[in-house]
Amino acid sequence: MVKRRKIYEGKAKILYEGPEPGTLIQYFKDDATAFNNEKRAVLDGKGVLNNRISEFVMTQLNAIGLPTHFLKRLNMREQLIREVEIIPLEVICRNVAAGSIAKRLGIEEGTPLPRSIIEFCYKKDELGDPLVSEEHITAFNWATHQEIDDIIAMTLRINDFLTGLFAGARIKLVDFKVEYGRLYEGDMVRTVLADEISPDSCRLWDITTGEKLDKDRFRRDLGGVTEAYAEVARRLGIIKEAGGAEILSFSQE
Ligand code: UDP
């Protein structure tokens with residue numbers, strides 16, 4: 001194997017140069033971080049599960065005509081993606097109050113919101129990804145008005161689609177975070193969904209018991225993090241058994 005050129009290393013993923021111009025390889029690590037890097041752990045098999053879950057979701061989104069950077073999964077930890085210029089925003093969509101909005105606005109966790117709410121955070125680790133408004137985004141040229149309109153429309157479409165997809169797996173989609181990129185095709189530029197969609201970036205609650213099946217298990221020291229991610233994968237029909245031999249064999253790759 002030839003050593004690949006590393007383009008970027010983040011908290012949970014690494015990007016390598018792809019096999020063709022305009023492509024990259026996205027590698028899913030087992031590392032987990034929270035509270036702006038203050039809390040860290042290595043969770044055996046998490047990267048494998050996120051790779052599979054994100055592949056599943058992105059494939060379905062591509063199939064409904066929602067453009068994404070995802071091309072194909074290459075192996076247990078890697079996927080081939082299109083190279084995009086990341087728009088420096090974390091786009092959060094919420095259906096139920098939880099996490100920072102519950103704290104910020106004094107709403108009890110679990111309260112359904114009057115309608116789906118989209119929030120923007122500026123992607124800047126040093127600043128702890130602060131909440132920003134459209135005014136900030138356009139004034140500082142992080143994205144154009146047209147891009148913001150496209151991002152809102154795409155995020156609401158993703159929310160509707162994922163709410164149904166997870167409901168079919170008896171899971172409530174409480175909130176999620178997505179990122180977008182600019183895809184340059186000749187002299188055209190398109191906004192496409194980038195990064196990942198996985199239990200690291202969503203709040204997923206069992207529809208009847210409310211049990212958390214997402215990264216809050218790590219943030220709040222609830223234990224059973226990878227087991228919960230495997231449960232999501234099992235309910236979506238991605239893997240056959242949660243916590244079984246299949247997961248162990250995943251994590252060793
Ligand atoms: N989120 C994320 N990355 C971040 C911040 C938030 O994926 O850097 C996700 C988080 O998992 C949740 C949603 O975005 O599904 C809303 O997170 P919130 O603003 O409530 O932040 P938190 O409570 O995690 O600080």
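Just follow the structure's listing: the first ligand is 1, and inside any ligand the first atom is 1. It should be emphasised that the depicted structure is a prediction, and the values quoted were computed from it without experimental measurement.
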Going by the order shown, which atoms of ligand 1 are within less than 4.0 Å of some heavy atom of D200?
7 (O), 11 (O)

Could you check which of E179, R220, K177 puts a non-hydrogen atom nearest to atom 9 (C) of ligand 1?
K177

Run through I207, L213, I171 and flag the one making a side-chain contact (heavy atoms from CB on, under 4.5 Å) with F166.
I171

Does the pair D150/R190 count as a salt bridge with the N-to-O cut at 4.0 Å?
no

Name the closest protein heavy atom to atom 13 (C) of ligand 1, giving the residue it belongs to and the distance to 0.1 Å.
D175 OD1, 3.4 Å

Are any of the side-chain nitrogens in E9 or K29 under 4.0 Å away from the carboxylate oxygens of its partner?
yes

Could a heavy atom of E119 be found less than 4.0 Å from some atom of ligand 1?
no

Less than 4.0 Å is my threshold; does some heavy atom of K103 fall inside it relative to ligand 1?
no

Using a strict cut-off of 4.0 Å, indicate which atoms of ligand 1 neighbour a heavy atom of D129.
8 (O)

Between S116 and C93, the two heavy atoms sitting closest are CB-SG, 4.5 Å

N-O pairing of R4 and E78 below 4.0 Å
yes

Check whether NZ of the Lys or CZ of the Arg K39 lies under 6.0 Å from the centre of the six-membered ring of F218 and within 45 degrees of that ring's axis.
yes

Note: D160-R157 ion pair, threshold 4.0 Å (strictly below):
no

Atoms in ligand 1 with a heavy atom of C202 nearer than 4.0 Å
15 (O)

Candidates K11, R219, E90; heavy atom nearest atom 5 (C) of ligand 1 found on E90

With the threshold set at 4.0 Å, does a side-chain nitrogen-carboxylate oxygen contact exist between R203 and D175?
yes

Is there a donor-acceptor contact under 3.5 Å linking the side chains of Y180 and T155?
yes

Only heavy atoms of G99, strictly under 4.0 Å: list the atoms of ligand 1 that pass.
20 (O), 23 (O)

Identify the protein heavy atom lying closest to atom 21 (O) of ligand 1, giving its residue, its atom name and the separation to 0.1 Å.
S100 OG, 3.8 Å

When distances are taken from atom 16 (C) of ligand 1, the protein heavy atom at minimum range is R203 NH1, 3.6 Å

Those atoms of ligand 1 less than 4.0 Å from some heavy atom in A98
20 (O)

Sub-4.0 Å atoms of ligand 1 with respect to non-hydrogen atoms of R94:
16 (C), 18 (P), 19 (O), 20 (O)

